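Below is one structure, written out as structure tokens; the observations come after it.
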Amino acid sequence: MPELPEVETIRSFIEKRVQHKVITAIDVSLPRLIRNTTAENFVSVLTGTTIEGVSRRGKYLFLHCSGPSSVLVHLRMTGSLLYEDQPGAFSGRAVHVVFSLTEGRLLYRDIRTLGCLWLVPSEGPTGIKGYDNLGPDAISPAFTAEGLYRLLKETSRPVKTVLLDQTKVAGIGNIYVDEALFRAGIRPLRRAHRVTKKEAAKLHEAITDVLHEGLEHGGTTIRNFISGNGKEGQNQENLRVYGREGTPCTVCGTTIEYVKLNGRGTHYCPKCQK
DNA sequence: CCGATCCTGATA
DNA sequence: TATCAGGATCGG
């Protein structure tokens with residue numbers, strides 16, 4: 001579910017509230033979510049450490065703990081991290097891991113339970129392939145128009161497929177990719193190496209814009225996304241193609257089309273996008 | 001490259 | 001009852 005803007009919305013909310021607090025206890029009610037060690041080991045290694053900060057790369061969150069081990073989290077489709085002052089504010093369904101802090105609690109909630117938590121070294125490579133192999137973060141200075149043009153040039157895969165490849169650029173997901181391609185006037189199925197340098201520059205700007213707009217509006221809530229405080233995002237009001245199949249394009253009035261690409265729903269305007 | 005897979009829940 | 005869903009990985 002969450003893409004870069006949703007994950008960053010969660011990160012900034014929870015970091016302020018969990019930073020410098022000690023983990024006094026951890027309750028894991030769904031052990032299979034801990035992917036690379038036992039729940040017992042996860043709990044014993046982390047209990048008593050202090051959360052020094054929360055960082056994000058792509059769609060991953062990293063809880064930096066004071067000991068040699070820290071926590072890596074991927075929310076996948078329906079995961080969320082929530083902070084509550086009072087026990088019970090979010091208790092109930094779909095809360096699978098609870099970090100009790102010196103003050104308040106950090107909850108991992110996940111309806112479809114596709115998300116994962118890993119116990120990783122606090123410094124250096126994590127050993128988690130998906131994380132260690134991430135491309136430049138899509139809102140960092142490391143992601144440039146020139147870099148985008150170069151990585152599009154090297155493949156004939158559809159441009160949308162490349163943008164969703166987290167090893168090429170990290171953080172873009174199915175909603176924002178369709179929105180960015182619409183703004184850049186490029187069809188999702190266009191072969192990547194057919195994108196011109198000028199179009200790549202426009203696409204880079206479109207990606208930057210849609211992600212920052214998503215952030216400014218607290219993320220996009222279509223179904224399940226809630227931030228660290230349980231609030232929904234507002235960016236769904238700004239979507240121009242995602243979920244709008246069968247309705248008129250806001251620019252030209254042509255009916256928005258829907259196709260499947262790599263199993264993902266794909267939305268575009270057949271007139272505005274070439 | 002495509003589809004199946006991990007899951008639950010909402011909607012058609 | 002079937003299909004679809006913000007993701008990522010795996011095997012054929």
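We name chains A, B, ... by the order of the sequence lines, and we start the count at 1 in each one. Bear in mind that the values here come from a model prediction, so they are computed numbers and not experimental data.
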request  = Mind checking N262(A) for me? I need base, sugar-phosphate or nothing, with any heavy atom below 4.0 Å counting as a touch.
outcome  =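 Counting heavy atoms under 4.0 Å across all strands, the contact made by N262(A) is with sugar-phosphate only.
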query = So what does R35(A) touch, heavy atoms closer than 4.0 Å: a base, only the sugar-phosphate, or nothing?
reply = nothing
note = With the side chain defined as heavy atoms from C-beta on, R157(A) is closest, among dC1(B), dG6(C), dG7(C), to dC1(B)
request  = Look at the side chain of E3(A) and decide which nucleotide, out of dG6(C), dA5(C), dC7(B), has an atom nearest to it.
outcome  =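 Of the candidates, dG6(C) comes closest.
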Does [N] have OP1 or OP2 sitting under 4.0 Å from an N or O in the side chain of [X]?
X       : N      : value
Y176(A) : dG7(C) : no
K260(A) : dT3(C) : no
R32(A)  : dC7(B) : yes

note = Read 5' to 3' with Watson-Crick or G-U pairs under 3.5 Å, [ ] for crossing pairs and | for partners on another strand, DNA chain C gives |||||.||||||
Send over the distance from [X] [atom1] to [N] [atom2], rounded to a whole Å.
X       : N       : atom1 : atom2 : result
I111(A) : dC6(B)  : CD1   : P     : 20 Å
R223(A) : dA12(B) : CZ    : P     : 11 Å
R93(A)  : dT8(B)  : CZ    : P     : 13 Å
R112(A) : dG6(C)  : CZ    : P     : 9 Å
W118(A) : dG7(C)  : CH2   : P     : 14 Å
H96(A)  : dC6(B)  : NE2   : C1'   : 13 Å
D110(A) : dC6(B)  : CG    : P     : 16 Å
R109(A) : dG9(B)  : CZ    : C1'   : 12 Å

inquiry  = Taking only the C1' atom of each, what is the distance from dA5(C) to dC1(B) in whole angstrom?
reply    =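 Between the two C1' atoms, the distance is 23 Å.
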Between dA12(B) and dG6(C) - P atom distance, rounded Å = 16 Å
Electrostatic pair D137(A)-R56(A), nearest N-O below 4.0 angstrom =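 Looking at R56(A) together with D137(A), the answer is yes, because their closest N to O distance falls below 4.0 Å.
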ask   = Does E8(A) come within less than 4.0 Å of R11(A), counting only side-chain N to carboxylate O?
value = yes
Of all residues at least two apart in sequence or in a different chain, which pass the salt bridge (Lys or Arg N to Asp or Glu O under 4.0 Å) check with [X]?
X       : result
E103(A) : K21(A)
K59(A)  : none
D165(A) : R157(A), K168(A)
E213(A) : R183(A)

Below 3.5 Å is the cut-off: list the nitrogen or oxygen pairs between protein and nucleotides 8-12 of chain C, distance only.
{"from": "dA8(C)", "atom 1": "OP1", "to": "H74(A)", "atom 2": "NE2", "distance (Å)": "2.8"}
{"from": "dA8(C)", "atom 1": "OP2", "to": "K59(A)", "atom 2": "NZ", "distance (Å)": "2.9"}

key: Close side-chain approach of I14(A) to N229(A), heavy-atom, < 4.5 Å   = no
When the side chains of residues 30-46 of chain A are checked against the rest of the protein, which donor-acceptor pairs come out under 3.5 Å, sequence neighbours left out?
{"from": "R32(A)", "atom 1": "NH1", "to": "T113(A)", "atom 2": "O", "distance (Å)": "3.4"}
{"from": "R32(A)", "atom 1": "NH2", "to": "T113(A)", "atom 2": "OG1", "distance (Å)": "3.0"}
{"from": "R35(A)", "atom 1": "NE", "to": "R32(A)", "atom 2": "O", "distance (Å)": "3.2"}
{"from": "R35(A)", "atom 1": "NH2", "to": "G115(A)", "atom 2": "O", "distance (Å)": "3.3"}
{"from": "N36(A)", "atom 1": "OD1", "to": "L119(A)", "atom 2": "N", "distance (Å)": "3.0"}
{"from": "N36(A)", "atom 1": "ND2", "to": "L119(A)", "atom 2": "O", "distance (Å)": "2.8"}
{"from": "T37(A)", "atom 1": "OG1", "to": "N41(A)", "atom 2": "ND2", "distance (Å)": "2.9"}
{"from": "T38(A)", "atom 1": "OG1", "to": "N41(A)", "atom 2": "N", "distance (Å)": "3.0"}
{"from": "S44(A)", "atom 1": "OG", "to": "E40(A)", "atom 2": "O", "distance (Å)": "3.4"}
{"from": "S44(A)", "atom 1": "OG", "to": "N41(A)", "atom 2": "O", "distance (Å)": "3.2"}

ask   = What pairs with N262(A) under side chain to side chain contact (heavy atoms under 4.5 Å, CB included), at least two apart in sequence or on another chain?
value =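 T161(A).
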Counting only pairs under 3.5 Å, give me each side-chain donor-acceptor contact of residues 144-153 of chain A, with atom names and distances, residues two or more places apart or in other chains.
{"from": "T144(A)", "atom 1": "OG1", "to": "G147(A)", "atom 2": "N", "distance (Å)": "2.9"}
{"from": "K153(A)", "atom 1": "NZ", "to": "H193(A)", "atom 2": "O", "distance (Å)": "2.8"}

